[in-house]
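Okay, so here's the structure we're looking at.
Atoms within each ligand, like the ligands themselves, are counted from 1 in listed order.
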Amino acid sequence: MAGKPPRDTLLFALDRFDAEAEQSGSGERFAVDLGCGEGRDTAELLRRGWRVLAIDGQEEAIRRLRARPDLPPGAQTRLETLVCPMEAVHLPPALLVNASFALPFCPPEAFPMLWERIAASPLPGGRVSGQLFGVRDGWASVAPRMTFHTRAEVETLLRPFVVEHLNEAEADGTTVEGKPKHWHVFHIIARNSRGPG
Ligand SMILES: C[S@@+](CC[C@H](N)C(=O)[O-])C[C@H]1O[C@@H](n2cnc3c(N)ncnc32)[C@H](O)[C@@H]1O
């Protein structure tokens with residue numbers, strides 16, 4: 001995945017933060033990137049000056065993230081990494097919790113606790129960005145250790161937030177490995193309702 005561009009949901013959230021900073025200024029900005037993989041989103045956060053805690057369950061993903069040639073000079077000092085299941089982490093307060101195409105890999109029984117922690121993490125004015133998978137996703141019938149949601153369930157999960165973007169997308173496509181797959185994805189950007197403004 002190294003070299004792939006950052007996800008649109010991350011870019012949308014970052015553009016919002018940048019627009020707000022133009023009006024009110026900004027101090028240090030800290031993000032958690034859950035299921036960061038090889039770091040396409042983490043790298044963008046670092047390029048934009050954020051401090052990042054990047055978490056992935058696979059050691060190899062974190063090794064590849066740290067070895068990326070496109071990290072800006074000095075970025076490693078703003079990058080903390082953790083090899084750990086995301087559902088086992090007590091998330092620190094952060095301005096952004098980003099989880100691109102990662103949350104569905106949380107086992108169903110652990111998801112409520114993970115979401116509770118995610119909902120509690122964004123600071124006032126902070127955001128959550130990323131994806132959840134819908135119940136008609138092609139993996140829903142073959143991957144019992146993954147988590148899928150109905151639209152009504154997604155709306156319930158987002159109740160504590162101000163929803164800035166919720167796009168339900170459904171289409172036949174392919175996996176990263178090129179295998180045919182039906183995708184049912186909710187793209188989400190949500191702001192802490194305790195946020196300023
Ligand atoms: C589809 S990749 C997405 C990677 C990256 N966020 C992106 O947008 O390309 C899912 C990532 O989640 C990680 N992952 C899967 N289950 C996990 C878990 N329970 N805890 C932490 N990471 C997990 C995988 O190792 C993988 O790197």
Return a yes/no value for Gly35: is any of its N or O atoms, backbone included, closer than 3.5 angstrom to an N or O of ligand 1?
yes
Determine whether any heavy atom of Ala88 lies closer than 4.0 Å to an atom of ligand 1.
no
Yes or no: does Cys106 have any heavy atom under 4.0 Å from an atom of ligand 1?
no
In ligand 1, the atoms that come under 4.0 Å of a heavy atom of Ser100 are 3 (C), 5 (C), 6 (N), 7 (C), 8 (O)
Listed partners of Arg63 passing side-chain hydrogen bond (donor to acceptor under 3.5 Å, both in side chains), at least two apart:
Glu60
Within less than 4.0 angstrom of ligand 1, does Asp41 place any heavy atom?
no
Would a line drawn from the ring center of Phe148 to the ring center of Trp139 be shorter than 6.0 Å?
no
Which residue from Gly39, Ala102, Gly57, Cys36 reaches closest to atom 22 (N) of ligand 1 through any of its heavy atoms?
Gly57
Nearest heavy atom to atom 14 (N) of ligand 1: which of Asp56, Leu10, Thr42, Leu82 does it belong to?
Asp56
For Glu170 and His182, test the side chains for any donor-to-acceptor distance below 3.5 angstrom and give the result as yes or no.
yes
What verdict does the ring-ring contact (aromatic ring centres under 6.0 Å, His included) test give for Phe111 and His149, after you've listed the backbone C-alpha separation in whole Å, the side-chain angles of each residue and the deciding distance to 0.1 Å?
CA-CA 11 Å; Phe111 188 88; His149 293 94; 4.7 Å; yes
Expected list for residues 91-102: side-chain donor-acceptor pairs under 3.5 angstrom, two or more places apart:
residue	atom	partner	partner atom	Å
Asn98	OD1	Ser129	OG	2.7
Asn98	ND2	Asp33	OD1	3.0
Asn98	ND2	Asp41	OD2	2.9
Ser100	OG	Asp41	OD2	2.5

Selected option - heavy-atom contact closest to atom 20 (N) of ligand 1, from Met86, Glu59, Met146, Glu87:
Met86
Counting only heavy atoms closer than 4.0 Å, does ligand 1 sit against the backbone of Cys84, its side chain, both, or neither?
backbone
Ligand 1 versus Arg40: contacting region, heavy-atom distance under 4.0 Å
side chain
Mark up the atoms of ligand 1 that fall under 4.0 Å of a heavy atom belonging to Gln58, in ascending order.
25 (O)
Could you state whether Val162 and Ile189 fall into the same hydrophobic cluster, counting links through intermediate Ile, Leu, Val, Met, Phe, Trp or Tyr residues with side-chain heavy atoms under 4.5 angstrom apart?
no
Verdict with supporting geometry, Thr42 and Leu71, side chain to side chain contact (heavy atoms under 4.5 Å, CB included)
CA-CA 9 Å; Thr42 295; Leu71 300 184; 5.8 Å; no
Would you mind checking if Arg29 and Asp18 are paired as a salt bridge, meaning a charged N to carboxylate O distance below 4.0 Å?
yes
Counting each atom of ligand 1 from 1 as listed, which ones have a heavy atom of Phe101 under 4.0 Å away?
1 (C), 2 (S), 3 (C), 10 (C)
